[in-house]
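Heads up: numbering here begins at 1 and tracks the sequence.
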Amino acid sequence: KFYFGDTGTYVLAAASSLADVDPITVSMTQMTKDGMEVAVAAKAILIAVSVNSGIKSLFSGTIGNRALAFRVGGTLLGAGLLMAYKINGL
């Protein structure tokens, strides 16, 4: 955060979520205790979940078929939009 600011946090969240969302979620939670803004941590977690969901949709389309990819992707997209709605307070 000291060198790259909020943008670095978001890039790290996107990159680390290619494998798993849990570590970045725990890290962001701990960093809010150390002074990180809750809004930055929440957006980083949202980015991580979104990227991870996109990867899962891609995998399901590659391993399964197109119908499975749309089913998985649609469900994950709906959950992501709901979470973005709640985070942004709309």
Side-chain angles (χ1 to χ4, degrees):
K1 179 147 173 78
F2 180 74
Y3 293 108
F4 300 109
D6 295 345
T7 303
T9 302
Y10 301 147
V11 170
L12 178 65
S16 67
S17 69
L18 292 173
D20 193 11
V21 176
D22 295 339
I24 195 70
T25 302
V26 171
S27 294
M28 292 296 108
T29 304
Q30 291 296 325
M31 290 180 77
T32 58
K33 293 179 182 178
D34 296 333
M36 177 183 273
E37 294 178 29
V38 174
V40 172
K43 287 179 184 174
I45 292 170
L46 176 62
I47 290 168
V49 169
S50 299
V51 169
N52 189 266
S53 296
I55 291 295
K56 288 179 181 177
S57 297
L58 182 68
F59 287 164
S60 64
T62 303
I63 295 169
N65 58 24
R66 187 178 218 177
L68 178 63
F70 282 122
R71 194 173 308 142
V72 170
T75 302
L76 295 174
L77 178 64
L81 290 174
L82 180 62
M83 188 166 53
Y85 176 80
K86 291 294 185 180
I87 287 174
N88 291 317
L90 301 173

Drop me the distance from I55's CD1 to D20's CG, to the nearest 0.5 angstrom.
-> 13.0 Å

Do the side chains of Y10 and V38 join up, straight or via other hydrophobic residues, at under 4.5 Å, putting them in one cluster?
-> no

Closest contact, heavy atoms only, A44 versus A13 | O-CB, 3.3 Å

L18 reachable from V49 in the ILVMFWY side-chain graph, under 4.5 Å edges | yes

CG-CD1 distance between N52 and I24, expressed to the nearest 0.5 angstrom | 12.0 Å

Would you name the heavy atoms of T32 and E37 that are closest together and state the gap between them?
-> CG2-O, 4.3 Å

Nearest-0.5 Å distance that lies between atom CE in M28 and atom OG1 in T9 = 5.5 Å

Considering non-hydrogen atoms only, spot the tightest contact between I47 and A14 and give its length.
-> CG2-CB, 3.9 Å

Reported OG-to-CG distance for the pair S57 and L68, which is rounded to 0.5 angstrom | 9.0 Å

Distance from I45 atom CD1 to S27 atom OG, nearest 0.5 Å?
-> 9.5 Å

